[in-house]
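Down below is the structure, laid out as structure tokens.
All values below were derived from every heavy atom in this structure, side-chain atoms included, with hydrogens, water molecules and symmetry-related copies excluded. Throughout, a chain's letter reflects where its sequence line sits, starting with A, and its residues are numbered from 1.
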2 protein chains.
Amino acid sequence: MTTTGSPAEPLAIGEVAARTGLSVHALRLYEREGLLVGPVGRTSGGRRRYTAADVEWLLICVKLRESGMPLADLKRFAELVRQGPGNEAERLRLLDAHRRRVEAQIRALEECRSVIAWKVGVYAEHLARGEADGLWDPTA
Amino acid sequence: MTTTGSPAEPLAIGEVAARTGLSVHALRLYEREGLLVGPVGRTSGGRRRYTAADVEWLLICVKLRESGMPLADLKRFAELVRQGPGNEAERLRLLDAHRRRVEAQIRALEECRSVIAWKVGVYAEHLARGEADGLWDPTA
DNA sequence: CTACGATCTCGACCAAGGTCTAGCTCAAGT
DNA sequence: ACTTGAGCTAGACCTTGGTCGAGATCGTAG
């Protein structure tokens, strides 16, 4: 149990990369860009030591990124958290707006999916019949 | 009825932009990049004239782009269609692979949505209680 | 005929989000 | 002590998917 769960010991950047799926490069980028809530700890030698809380935040970041939140918004959110209590309404607004965008995106994708599925069906049918004549094909 | 439906008359680029939602710049880009099935017609003066089929293809392109298909794949698809009959299996593979990706993306987004919705719920609850103490907040 | 808006080509530019390199340091195993 | 693998910084570079501008041309309405 040295590479699983939520360790009490702070983690090196490579470990964090492994468990967040971000590259070490990306991790350093995120830090430079101010996407982290607090400054990352360092060893006496200058190496980053991520706490469990850091990793947790990064995992949230990953989810938000996956769902298309731009780094700038993530940064804004991190700033709000960094500022401490008092701005929860704004945090909520930010997250909720994003949730709405995600839902819209899901709906759009579902529509795309059905268009694509239909097209796939058309091709499959023609193939099954062995006669795939010029579907949208102006040259045939 | 001059700007609706599927006109028999070929359309100018601005018209096509209006009905596909792509900018004229993007339309020219797509053409340069070989995303169109056939060469676009031109007037004697050198202006593009898009046929209804061109527009239809572009609408498909828009859907595929919206669902995250990279231009390179779109180009590949256009090439296959351009080559004429005989490669329908590959076209099918391409589309179906994309469909799978879209579905995976939808699932991922749905997961993100639930994570976000939960977070939103946490904030909303704390706000309602008027006590939003350091949620993930290392400084509080 | 003339003016004006829409197009044309070509090439520069942009923003996001990373990735990669160079040159150096740190730390852990043997 | 030595080697080796991670990590460090700074900054250059990359890809995607466009956008924008200059300068010329087309074509249509007066």
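In the set dG18(D), dC20(C), dG18(C), dG18(D) carries the atom at the smallest distance from any side-chain atom of Arg65(B). For His25(A), the side-chain atoms get nearest to dT19(C) when compared with the rest of dG21(D), dT9(D), dT19(C). Here the side chain of Ala26(B) is nearest to one of dT9(D), dT19(D), dG17(D), namely dT19(D). Closest to the side chain of Ile13(A), out of dG18(C), dG7(D), dG27(D), is dG7(D).
At a threshold of 4.0 angstrom between heavy atoms, the contacts of Leu29(A) include nucleobase atoms, whether or not backbone atoms are also involved. Within the nucleic acid shown, Ala12(A) comes within 4.0 Å of sugar-phosphate atoms alone, with no base atom in reach, counting heavy atoms only. Using a 4.0 Å heavy-atom distance criterion, Arg42(B) is classed as a sugar-phosphate-only contact.
In terms of phosphate contacts, Tyr30(A) brings no side-chain nitrogen or oxygen within less than 4.0 Å of OP1 or OP2 of dG17(C). Here Arg48(A) does not reach the OP1 or OP2 of dC26(C): none of its side-chain N or O atoms lies under 4.0 Å away. Note on Thr43(A): every side-chain N or O is 4.0 Å or more away from OP1 and OP2 of dC26(C).
A salt bridge links Glu31(A) with Arg42(A): the distance from a Lys NZ or Arg NE/NH1/NH2 to an Asp or Glu carboxylate oxygen falls below 4.0 Å. For Glu15(B) and Arg19(B), the salt-bridge test passes: some basic side-chain N is under 4.0 Å from an acidic carboxylate O. Between Arg99(B) and Glu103(B) a salt bridge is recorded (basic side-chain N to carboxylate O distance below 4.0 Å). At a threshold of 4.0 Å, the pair Arg76(A)-Glu79(A) counts as salt-bridged, since one of the basic side-chain nitrogens sits closer than that to a carboxylate oxygen. Using a cut-off of 4.0 Å between Lys/Arg side-chain N and Asp/Glu carboxylate O, Arg101(B) and Asp73(B) are scored as salt-bridged.
Protein atom CG of Asp73(A) is 15 Å distant from nucleotide atom C1' of dA15(C), rounded to whole Å. The nearest whole Å value for the distance from the CG atom in Leu22(B) to the P atom in dT7(C) is 14 Å. Look at CD on Glu15(B): it is 11 Å from P on dA6(C), rounded to the nearest Å. The nearest whole Å value for the distance from the CG atom in Leu27(A) to the P atom in dT9(D) is 12 Å. Straight-line distance from the CG atom of Leu11(B) to the C1' atom of dG27(D): 17 Å, rounded to whole Å. Rounded to an integer number of Å, the gap from CD of Glu31(A) to P of dG17(C) is 18 Å. Atom pair Glu33(A):CD and dT19(C):P shows a separation of 13 Å (rounding to whole Å applied). Atom-to-atom, NZ of Lys75(A) to P of dG17(C) comes out at 12 Å; the value is rounded to the nearest Å.
Each of Ala72(B) and Gly45(B) was matched to the nucleotide of DNA chain D holding its nearest heavy atom; the match closer to the 5' end belongs to Ala72(B). Nearest-nucleotide positions on DNA chain C for Arg28(A) and Val24(B) put Val24(B) closer to the 5' end.
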- Task: Begin from the C-alpha positions of Trp57(B) and Phe77(B) and carry the test ring-ring contact (aromatic ring centres under 6.0 Å, His included) through to its verdict.
- Result: CA-CA 11 Å; Trp57(B) 172 258; Phe77(B) 195 12; 5.6 Å; yes
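Side-chain N/O atoms of Arg47(B) and base N/O atoms of dT25(D) include a donor-acceptor pair closer than 3.5 Å.
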